[in-house]
There are 2 protein chains.
Amino acid sequence: MTGNSRFAVSVHILAYLAYRHGAAVPSAEIAGSVSTHPVVIRRLLSSLLKARLVNAQKGATGGFSLASAPQNISLLDIYRAVEPDPKHGLRTFTPNPKCPVGAKIETIIHGVFFKAQASMEAELARVTLAAIDQELHSVCPGKK
Amino acid sequence: MTGNSRFAVSVHILAYLAYRHGAAVPSAEIAGSVSTHPVVIRRLLSSLLKARLVNAQKGATGGFSLASAPQNISLLDIYRAVEPDPKHGLRTFTPNPKCPVGAKIETIIHGVFFKAQASMEAELARVTLAAIDQELHSVCPGKK
DNA sequence: CCTTTTTGTAACTAAAATGGTTACTAAATT
DNA sequence: AATTTAGTAACCATTTTAGTTACAAAAAGG
């Protein structure tokens with residue numbers, strides 16, 4: 001979907017904050033759960049902070065916490081916060097404008113990609129952090 | 001959506017073949033429309049050939065042509081041919097299995113990504129090469 | 001006031017992905 | 001035989017990505 005792991009790690013981060021239930025959680029603790037470097041976590045939290053999804057508190061007893069209740073945070077919110085520009089693989093796609101096909105294909109492909117992206121985002125909008133948290137607390141992954 | 005331009009260029013290639021209406025089109029001609037190197041085109045056509053979406057013919061009057069009618073080729077066919085493994089940004093995502101969250105989050109995220117991917121692919125399945133070709137032949141891009 | 005803890009960021013590195021290019025072989029046409 | 005083209009391997013430059021080091025700023029608590 002995205003190629004990088006920013007979105008997946010961000011979901012993990014926020015799921016962890018939901019799991020810790022409002023406590024101020026330092027980046028080092030989150031990094032322990034994700035198995036990565038604390039700076040990687042703080043970099044993503046910097047984006048999530050700008051999107052107002054989390055609060056940050058400096059100092060000895062500081063750390064990060066959710067800015068809203070888990071039911072009010074959707075995976076689309078997270079996706080948009082850390083995956084800003086969907087350039088849709090059109091990064092190096094600059095067809096020949098002198099060719100009848102090349103002149104029009106970019107606009108056409110843009111339209112198709114836009115719809116596909118919208119469809120995917122609609123699916124992400126359907127899932128809240130509360131739903132993720134609930135799955136986390138289910139006793140057995142196979143249980144209904 | 002994908003990060004790279006393989007899918008976009010592949011759609012362009014097949015749209016061009018549809019536009020050329022069954023003729024054997026050499027990679028150099030397609031490269032002229034896409035504005036890239038013929039080898040880039042042939043590399044993608046190699047994947048499209050394996051997926052049986054095109055025919056190839058060597059020699060002086062050779063080139064590539066569509067293997068099926070444009071109505072029978074969907075953008076999902078193309079997507080699957082050139083974008084084989086949707087590893088969903090989980091490439092370097094290996095959370096800590098000792099942590100209650102880390103142990104379960106990967107499976108949960110996998111489920112979400114699978115649904116989002118399916119939703120996007122359903123949208124691609126809806127669009128055929130014939131529809132792209134029709135858009136190419138519309139007189140004005142804004143015309144209904 | 002001083003020490004400790006933590007956020008916030010810049011800077012650097014290694015690895016991987018990506019697209020372009022050269023070069024060469026095989027096959028088909030004339 | 002000469003020409004044209006597919007097919008593919010190999011290589012290079014650029015960009016992206018994640019990890020790391022380093023350090024300033026801020027907050028807490030004695």
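Residue numbers begin at 1 in each chain, while the letters A, B, ... track the order of the sequences.
Under 4.0 angstrom from either OP1 or OP2 of D/dA18 there lies at least one side-chain N or O belonging to A/Ser5. A sub-4.0 Å separation between OP1 or OP2 of D/dT8 and a side-chain N or O of B/Ser46 is present. The side chain of A/Thr61 contributes no N or O atom lying less than 4.0 Å from OP1 or OP2 of D/dA28.
Around atom CD of A/Gln134, no more than 12 heavy atoms belonging to other residues, nucleotides or ligands sit under 6.0 Å away.
Between B/Glu83 and B/Gly59, the residue anchored closer to the 5' end of DNA chain C is B/Glu83, taking for each the nucleotide with the nearest heavy atom. In this structure, A/Ala60 and A/Arg43 both approach DNA chain D, and ranking their closest nucleotides by distance from the 5' end singles out A/Arg43. Between A/Ser35 and A/Gln57, the residue anchored nearer the 5' end of DNA chain D, judged by the nucleotide with its closest heavy atom, is A/Ser35.
Using a 4.0 Å heavy-atom distance criterion, B/Leu45 is classed as making no nucleic acid contact.
C/dG20 atom P lies 12 Å from atom CG of B/Asn4, rounded to whole Å. The nearest whole Å value for the distance from the CZ atom in A/Arg42 to the P atom in D/dA18 is 17 Å.
In this structure a side-chain-to-backbone donor-acceptor pair under 3.5 Å is present from B/Asn96 to A/Gly32. Between the side chain of A/Ser138 and the main chain of A/Glu135, a donor-acceptor pair closer than 3.5 Å is present.
None of B/Ile132, B/Leu48, B/Leu44 except one satisfies the side chain to side chain contact (heavy atoms under 4.5 Å, CB included) rule with B/Leu14; the exception is B/Leu48.
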